Structures are given as C-alpha cells and as structure tokens.
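Owing to the predicted nature of the structure, the values given are computational and were not obtained by experimental measurement. Per chain, numbering begins at 1; letters A, B, ... match sequence-line order. These values consider heavy atoms only, across backbone and side chains, with no hydrogens, waters or symmetry-generated copies.
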There are 2 protein chains.
Amino acid sequence: MTKSPPRTRIQVRNRAAILEAALEVFAARGFRGATLDRIAQAAGLSKPNLLYYFRSKEALHLAILEDLLELWLAPLREMDADGEPREQILGYVRRKLEMSRDHPRESRLFANEILQGAPRARPVLEGELKVLVDEKAAVIAAWSESGRIGPVDPYHLIFSIWALTQHYADFEVQVRAIMGKTDPYPGAEAWLDHLFGAALGISHKTT
Amino acid sequence: MTKSPPRTRIQVRNRAAILEAALEVFAARGFRGATLDRIAQAAGLSKPNLLYYFRSKEALHLAILEDLLELWLAPLREMDADGEPREQILGYVRRKLEMSRDHPRESRLFANEILQGAPRARPVLEGELKVLVDEKAAVIAAWSESGRIGPVDPYHLIFSIWALTQHYADFEVQVRAIMGKTDPYPGAEAWLDHLFGAALGISHKTT
DNA sequence: CATCGATTTGACCGCCCGGTAAAATTCACG
DNA sequence: CGTGAATTTTACCGGGCGGTCAAATCGATG
C-alpha cells in the first residue's frame with residue numbers, strides 16, 4: 001500500500017509540485033476536463049517529465065486521492081466516543097466546515113469524483129470510508145439510545161453534516177452569486193450550530 | 001428569449017430526443033466529459049444530424065439549462081407567503097427532496113455546472129435565481145421577525161435545504177456505498193423533517 | 001573531473017473531438 | 001407522382017489529447 005519512498009530530493013520536490021498542481025486542476029475541471037499539459041505547466045514541468053513521475057493520468061489521480069484521504073477523514077476520526085456527545089458532534093460540524101473553508105479544492109476534487117460515479121474512488125468509499133462511518137454511527141446511536149442526545153438517525157445525521165459543510169466549498173459560486181461579497185462562513189457556522197444544536201435536542205439561546 | 005417554435009413534428013420529436021439524451025450524458029459526465037457523438041448515439045441520431053438541430057455543444061447545453069430552469073425553481077416558487085410558515089418551509093423541504101428522488105439527473109447536471117464555476121449558468125444564478133431567493137428570504141425573514149417561527153438566517157436556511165436534498169441525488173454513489181441497498185429516501189424525509197422542524201422551533205414528537 | 005544513473009527534452013503517434021461541406025435522401029403537398 | 005424544402009448521411013479537417021521513445025542533459029559520487 002505505502003509507496004516506495006522517492007529517494008532523491010528532486011523527486012520529493014517535483015512530486016509535491018505535481019500533486020499540488022494536479023489538485024488545482026482536477027478540482028477546477030474534473031478528471032476528464034483536466035489535461036496533463038495543463039497540470040504539467042502548473043507544476044513548471046513538461047508533460048513527458050510529468051509522466052516520468054506518474055505513469056498515467058489515472059495513476060496521478062489515484063495518488064492524489066490516496067494523498068488526501070487522511071486529511072479528508074480526519075474531522076470525523078477525531079470525534080471521540082468518550083467525549084460529551086453534543087460537544088463532539090458540534091465539534092465535528094465545526095471542523096468539517098473549517099475544512100470547506102480552508103481546503104475547498106480538496107472538497108471539489110472529491111465532489112467531482114463522486115458526482116461522476118466515483119469510478120476511481122469507489123473502493124475507498126466502500127472500504128475505509130464505510131468502516132469509519134459505521135464505527136462513528138454506532139457511537140452516535142449509543143449516545144442517542146442512552147438519552148444523552150435526542151433521537152437521531154446517525155447515518156442521515158452524518159450525511160447532513162457532509163452535505164451542509166461541503167456545500168459551501170463545492171457550490172461556492174452559487175453561494176456567492178446570492179450573497180455577493182459577504183463572507184458566508186461566519187453566518188454558516190452560527191447557523192449550523194443552531195441547526196444541529198436544535199436537532200440534537202439542545203437547550204440553546206432563544207430570542 | 002423564447003425560441004421560434006420548431007414547426008415540423010420531426011423537429012419536435014428529434015429536439016426532445018436530443019434534450020433527453022443530452023440530459024443523461026451531461027449529467028453523468030459533465031460538460032467537458034460529454035461528447036456529441038455519445039449524445040447523438042443516445043438520441044438515435046448521427047453527430048452531424050444532431051448539429052442540424054443545435055448549432056454547437058455549448059448551444060445544446062444552454063438549451064438544456066433553459067429547459068430545466070423552471071422545473072428546478074418550482075419547489076421554491078411554490079412556497080407561499082400567505083401560508084402557515086412551518087408548513088410552507090417543511091413543504092418546500094419535502095418537494096425539494098422529491099425533486100432529488102425523481103429527477104436526480106437534473107440535479108447532477110446543475111451540480112456539475114456549478115462545481116465547474118458555472119461558466120454557462122452564471123447569468124441565471126445572478127439573475128433569476130438570486131431574485132427568487134431574495135424574495136423568498138424576505139418572506140422567511142418576515143415570518144421570523146413576527147415570531148411565527150424561531151430566529152433563523154433565511155439565506156443559510158435555504159442553502160441548507162438545497163445542500164441536504166441535493167446531496168442524495170448528487171452524491172448518490174456515496175450514500176449507497178454506505179447504506180447499501182437500503183432506499184435512503186424514506187429515512188431522509190423523516191430526518192429532514194425532524195432537523196428543520198427542530199431548527200424552526202417546532203414542538204415535535206420527542207421519545 | 002570522469003562516470004553512470006537520474007532527469008529532462010523534443011519529436012512524434014494514433015485517437016478522438018467539435019465542427020463543416022456537400023451530396024443524398026426523405027417528406028409534405030399540390 | 002413530381003417538386004422543392006427539410007432532413008440525413010458520408011467524408012472530411014484541424015486541433016488537442018494521453019502517451020511513447022530515444023536522445024540529451026544533469027548531478028551525485030568516487
């Protein structure tokens with residue numbers, strides 16, 4: 001699974017530059033819309049030079065997916081079964097929203113991949129992602145059954161968090177078209193806090 | 001704005017077949033990923049024949065966007081300022097979820113377009129969509145200020161509804177990867193009802 | 001500074017794509 | 001059933017794409 005580590009410092013530098021450039025281009029244009037020429041140019045290399053580091057467009061895309069997976073799953077991973085339930089869930093919401101704000105390209109890369117039917121990421125979805133979600137859903141279900149939070153459907157709760165937070169990254173142009181230049185994230189954070197707080201049966205500020 | 005109506009019945013039939021095929025292909029592969037050959041084949045025509053009806057790929061895509069716009073906005077349009085606020089908002093949620101269930105291709109078509117930065121749809125977003133959203137946000141804000149629903153941010157409320165309902169269509173493969181063969185929609189409807197009901201300050205069933 | 005592997009380049013290939021042109025065919029109508 | 005317009009087909013073009021290859025260049029090591 002783990003790659004044989006690139007030895008030379010040139011390899012380290014160029015691989016990093018390529019992955020960064022590929023993230024930019026794949027996120028903005030999707031797999032089919034991205035071209036190796038464009039990625040190579042963004043990385044400051046020629047196309048054959050890029051192919052010296054990654055054997056094909058597909059291999060490059062797979063490398064990115066693997067490279068980003070842990071970053072992507074981290075916010076959910078951090079949810080602690082031994083923590084205070086409401087705090088843990090709202091903390092997850094907050095971290096995931098920060099992920100959209102600070103890593104919108106990564107969000108759009110995954111969004112593109114999944115929208116197209118996840119032709120390359122499906123194994124990851126059905127494997128690592130499903131395992132993690134099943135585990136955390138069980139945690140949430142236990143919290144719910146013990147009455148520490150209200151009755152919730154853990155899977156749909158998790159989908160909700162994904163949908164809401166990623167929306168601000170994936171559909172940013174639409175949000176901006178409607179909100180103008182206003183930064184949506186402060187309002188989004190307050191709203192998501194309110195929304196999930198209420199849904200979990202919280203006692204929150206009422207006007 | 002309105003098209004000069006295609007006169008002959010052949011035109012009517014073929015234009016419809018092309019739009020249907022193009023919806024299928026654009027939704028599944030995005031604008032760049034779609035090819036005229038594939039669309040033509042799905043419509044049962046040759047590529048030059050398709051180009052006899054639509055002057056270019058771009059023109060075809062624009063025609064679809066225009067064709068689908070009213071369908072797409074209808075659920076929000078139906079929200080009635082004179083209705084009972086909670087009922088109106090939850091009704092909107094329900095209609096929008098039904099839209100995802102019954103028209104997932106349309107949802108993915110728009111998702112693709114917006115993800116890529118809405119190069120063709122931006123005028124619509126900043127025009128017709130923004131006007132409609134501003135109008136309905138004002139209605140919701142009035143409801144909120146009059147105390148008929150709890151304090152909400154109308155824009156983020158609307159974004160939430162879009163994000164949550166469209167998620168089930170746009171990221172269907174991911175939902176299925178995690179939920180397996182279970183139909184997600186019944187659970188989604190119950191959950192969204194609970195979620196928004198709670199956020200609006202509803203008195204709902206508690207176990 | 002010589003050597004040999006690592007890296008980079010330029011030239012190229014076959015394929016597919018969006019689009020065009022013009023001939024061929026089909027269709028509606030008198 | 002003939003005729004002119006509407007429709008469809010065949011052949012094609014220029015460009016861009018992913019990918020290959022062999023030659024050139026670079027760079028670490030002794």
Side-chain angles (χ1 to χ4, degrees), chain A residues 3-65 109 112-113 116 119-121, chain B residues 3-65 109 112-113 116 119-121:
Chain A
K3 340 226 74 139
S4 52
R7 272 164 254 286
T8 81
R9 68 204 158 85
I10 294 183
Q11 289 233 5
V12 173
R13 168 171 46 89
N14 283 351
R15 277 187 65 101
I18 292 169
L19 287 172
E20 159 65 23
L23 168 60
E24 183 77 23
V25 177
F26 279 136
R29 312 174 66 110
F31 182 77
R32 282 182 242 259
T35 71
L36 292 182
D37 269 308
R38 211 178 185 91
I39 295 170
Q41 192 181 353
L45 301 173
S46 65
K47 182 175 61 174
N49 201 176
L50 184 156
L51 285 164
Y52 172 75
Y53 291 96
F54 296 90
R55 284 148 55 170
S56 67
K57 192 183 185 182
E58 174 116 4
L60 174 55
H61 196 265
L62 285 171
I64 292 200
L65 286 177
L109 184 96
N112 265 303
E113 168 68 9
Q116 307 299 320
R120 287 161 293 277
Chain B
K3 340 226 75 136
S4 52
R7 274 164 253 287
T8 81
R9 67 205 158 83
I10 294 183
Q11 289 232 7
V12 173
R13 168 171 47 88
N14 283 351
R15 276 188 67 100
I18 292 169
L19 287 171
E20 159 66 23
L23 168 60
E24 183 78 24
V25 176
F26 279 135
R29 312 175 66 111
F31 183 77
R32 281 182 241 261
T35 71
L36 293 182
D37 270 308
R38 197 176 273 260
I39 295 170
Q41 192 181 351
L45 301 173
S46 66
K47 181 175 62 173
N49 201 175
L50 184 156
L51 286 163
Y52 172 76
Y53 291 95
F54 295 90
R55 283 148 55 172
S56 67
K57 191 183 185 183
E58 173 117 4
L60 174 56
H61 196 266
L62 286 171
I64 292 199
L65 287 177
L109 184 95
N112 264 303
E113 169 69 8
Q116 307 299 320
R120 286 161 294 276

Item to complete: Answer yes or no: is there a donor N or O on one side and an acceptor on the other, between the side chain of A:E24 and the main chain of A:A42, under 3.5 Å?
Response: no
Item to complete: Scan A:R9 against the nucleic acid and name what it touches under 4.0 Å (heavy atoms): base, sugar-phosphate only, or nothing.
Response: sugar-phosphate
Discussion item. Counting only side-chain nitrogens and oxygens, does B:Y52 get under 4.0 Å of the OP1 or OP2 atom of D:dT7?
Written reply: yes
Worksheet item: Does OP1 or OP2 of C:dA6 have a side-chain N or O of A:Q11 closer than 4.0 Å?
Response: no
Worksheet item: Which residue lies toward the 5' end of DNA chain C, B:A34 or A:R13, if each is placed at its nearest nucleotide?
Response: A:R13
Fill in: For atom NE2 of B:H61 and atom C1' of C:dG18, their distance in whole Å
16 Å
Worksheet item: Quick one: A:K47 NZ to C:dG10 C1', roughly how many Å, whole number?
Response: 12 Å
Response to the item:
Between CG of B:L45 and C1' of C:dG18 the distance, given in whole Å, is 17 Å
Worksheet item: For B:L51, which contact category applies under a 4.0 Å heavy-atom criterion: base, sugar-phosphate, or nothing?
Response: base
Worksheet, complete the sentence: Note: for B:T35 and A:L50 on DNA chain C, the residue whose nearest nucleotide lies more 5' is A:L50
Fill in: Spacing of A:L36 atom CG relative to D:dG19 atom P, expressed in whole Å
6 Å
Discussion item. For B:R13, I'd like to know if atom CZ has over 12 heavy atoms of other residues, nucleotides or ligands within 6.0 Å.
Written reply: yes
Worksheet item: What is the nucleic acid contact for A:A40, judged by heavy atoms within less than 4.0 Å: base, sugar-phosphate only, or nothing?
Response: nothing
Fill in: Separation of atom CZ in B:F54 from atom P in C:dG19, rounded to whole Å
13 Å
Discussion item. If I take atom NZ in residue A:K57 and atom P in nucleotide D:dC17, what distance separates them, rounded to the nearest angstrom?
Written reply: 9 Å
Discussion item. Need one value for A:A59: base, sugar-phosphate or nothing, where a base atom within 4.0 Å counts as base even if backbone is also close, heavy atoms only.
Written reply: nothing
Practice prompt. Check the distance between C:dG18's P and B:D37's CG and give it to me in whole angstrom.
Written response: 7 Å
Discussion item. For A:Y53 versus A:N14, what's the shortest heavy-atom pair and its separation?
Written reply: OH-ND2, 2.9 Å
Worksheet, complete the sentence: Among the nucleotides D:dG19, C:dT20, D:dC21, whichever has the atom closest to the side chain of A:S56 is D:dG19
Worksheet item: Would you say the side-chain atoms of B:K57 pair up with the backbone N or O of B:A34, donor to acceptor, closer than 3.5 Å?
Response: yes
Fill in: First of B:G44 and A:E58 reached from the 5' end of DNA chain D, by closest nucleotide
B:G44
Worksheet item: For B:Q41, does the CD atom have more than 12 heavy-atom neighbours from other residues, nucleotides or ligands under 6.0 Å away?
Response: no
Fill in: Whole-Å gap separating P (D:dC26) and CD1 (A:I10)
12 Å
Worksheet item: When you look at CZ of B:R32, are more than 12 heavy atoms from neighbouring residues, nucleotides or ligands closer to it than 6.0 Å?
Response: yes
Worksheet item: So does B:Y53 get a side-chain nitrogen or oxygen closer than 4.0 Å to the phosphate oxygens (OP1/OP2) of D:dT8?
Response: yes
Discussion item. When you measure from the side-chain N and O atoms of B:S46 to the phosphate of D:dT9, is any distance below 4.0 Å, counting only OP1 and OP2?
Written reply: yes
Item to complete: Indicate whether OP1 or OP2 belonging to C:dA6 is found under 4.0 Å from a side-chain N or O atom of A:N14.
Response: no
Practice prompt. Verify the contact: side-chain N or O of B:N49 to OP1 or OP2 of D:dT9, cut-off strictly under 4.0 Å; return yes or no.
Written response: yes
